[in-house]
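Each remark here refers to the structure printed beneath this line.
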Amino acid sequence: MKNISLKKLTKAMKKVQDARRFEHTLGVEYTAAALAMCYGCDLVHAQAAGLLHDCAKCLSDEKRLAICERYKISMTASEKRSPFLLHAKVGAYLAGKKYGIKNQDILNAIRNHTTGRPEMSLLEKIIFVADYIEPGRKQAPNLEEIRKLAFTNLDEALLIILEDTLTYLKTSGSDIDPTTEETWRYYYEQSLVSEDVKINSV
């Protein structure tokens with residue numbers, strides 16, 4: 001999909017995002033590009049998904065709810081209670097409708113960058129991880145370890161991010177999207193299978 005203009009997407013995001021959010025967006029684009037080079041993922045797709053992953057973050061909760069209701073975008077109970085959680089789903093919708101993205105993998109990467117999902121594509125994993133480890137992030141636990149790990153074992157980095165996210169949500173009393181738990185369970189079981197394979201091959 002060579003007709004994606006990264007320059008146009010960058011300009012568009014600069015227009016709709018505040019300075020702090022735009023800096024984060026550029027950080028995710030940069031990190032996604034680095035991970036794409038590391039793992040052999042399409043570079044333009046990774047950059048486009050990185051640029052657009054938070055394209056709906058600037059909208060009000062009311063606007064996000066209205067878009068979901070109008071265009072029949074499914075919402076969980078926790079998303080209805082906390083509409084800021086809808087920015088990923090609404091972002092995927094806007095990426096297609098407003099910013100002309102037709103590639104389903106890019107749209108999925110935007111849609112699933114907060115909760116993840118079982119059986120993510122390489123691009124989806126890259127955007128999920130890039131959003132967490134981009135250079136502007138300061139507060140997340142195990143950040144230094146995850147940043148190194150992301151370039152040697154993407155699935156392991158993904159699993160640690162999911163574990164840390166669930167721990168944070170539980171201790172802070174925040175709503176937990178069931179998809180996040182489902183994703184963690186899937187990749188945790190995958191890690192056990194990988195460990196068994198290693199042990200049996202020794």
Side-chain angles (χ1 to χ4, degrees), residues 17-39 41 46-47 49-58 61 76-79 81-89 91 108-195 198:
Q17 293 177 338
D18 62 35
R20 187 167 159 271
R21 178 61 47 194
F22 184 61
E23 187 182 350
H24 166 70
T25 290
L26 294 181
V28 176
E29 180 202 13
Y30 168 83
T31 308
L35 287 168
M37 285 188 267
C38 180
Y39 291 105
C41 185
Q47 288 178 273
L51 284 168
L52 291 172
H53 82 286
D54 272 354
C55 67
K57 253 294 173 61
C58 51
D61 285 350
T76 64
S78 60
E79 286 169 339
R81 281 195 303 274
S82 308
F84 69 88
L85 297 171
L86 289 167
H87 81 272
K89 286 179 180 177
N108 285 341
I110 296 166
R111 184 178 293 110
N112 299 308
H113 81 269
T114 55
T115 61
R117 71 175 176 96
E119 298 185 83
M120 281 190 275
S121 71
L122 176 59
L123 179 60
E124 287 174 278
K125 291 175 188 177
I126 282 172
I127 298 304
F128 184 91
V129 172
D131 185 37
Y132 195 87
I133 68 167
E134 61 94 1
R137 290 280 191 203
K138 308 288 183 211
Q139 302 300 322
N142 304 312
L143 203 45
E144 197 176 326
E145 176 199 347
I146 297 167
R147 279 177 173 149
K148 288 177 188 171
L149 192 57
F151 288 90
T152 57
N153 191 327
L154 194 61
D155 280 3
E156 206 173 316
L158 182 74
L159 185 58
I160 294 171
I161 292 168
L162 286 162
E163 285 170 352
D164 288 347
T165 301
L166 286 169
T167 300
Y168 169 76
L169 292 171
K170 283 169 186 169
T171 54
S172 64
S174 304
D175 276 336
I176 297 173
D177 191 301
T179 311
T180 307
E181 290 187 303
E182 194 186 333
T183 306
W184 171 80
R185 198 172 299 111
Y186 175 84
Y187 284 100
Y188 177 70
E189 286 167 4
Q190 290 292 303
S191 73
L192 294 180
V193 170
S194 299
E195 205 53 47
K198 277 184 204 168

For the atom pair [atom1] ([X]) and [atom2] ([Y]), what is the distance rounded to the nearest 0.5 Å?
X: Met120; Y: Ile126; atom1: CE; atom2: CD1; result: 11.5 Å
X: Leu159; Y: Leu154; atom1: CG; atom2: CG; result: 11.5 Å
X: Phe151; Y: Leu35; atom1: CZ; atom2: CG; result: 4.0 Å
X: Lys89; Y: Asn112; atom1: NZ; atom2: CG; result: 9.0 Å
X: Leu143; Y: Ile160; atom1: CG; atom2: CD1; result: 11.5 Å
X: Thr165; Y: Tyr132; atom1: OG1; atom2: OH; result: 5.0 Å

Exercise. Would you find more than 12 non-hydrogen atoms of other residues, nucleotides or ligands less than 6.0 Å from Glu181 atom CD?
Worked result: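 Atom CD in Glu181 is crowded, with more than 12 foreign heavy atoms closer than 6.0 Å.
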I want to check something: taking the side chain as every heavy atom from C-beta on, are [X] and [Y] in contact at a cut-off of under 4.5 Å?
X: Tyr187; Y: Lys125; value: yes
X: Leu85; Y: Asp177; value: no
X: Glu182; Y: Thr115; value: no
X: His87; Y: Thr114; value: yes
X: Tyr188; Y: Leu192; value: yes
X: Tyr30; Y: Glu134; value: no
X: Thr25; Y: Leu51; value: yes
X: Asp131; Y: His24; value: yes

Heavy-atom donor-acceptor pair, [X] side chain to [Y] backbone, under 3.5 Å:
X: Asn142; Y: Glu145; answer: no
X: Gln17; Y: Asp54; answer: yes
X: Arg185; Y: Pro118; answer: no
X: Ser82; Y: Glu79; answer: no
X: Arg111; Y: Gly91; answer: no

[X] versus [Y], closest heavy-atom pair with distance:
X: Ile127; Y: Ala46; result: CD1-O, 3.6 Å
X: Gly27; Y: Pro135; result: O-CD, 3.9 Å
X: Ala150; Y: Ile133; result: CB-CD1, 3.8 Å
X: Phe128; Y: His113; result: CD1-O, 3.3 Å
X: Thr179; Y: Gly116; result: CG2-O, 3.3 Å
X: Phe84; Y: Asp61; result: N-OD1, 3.4 Å

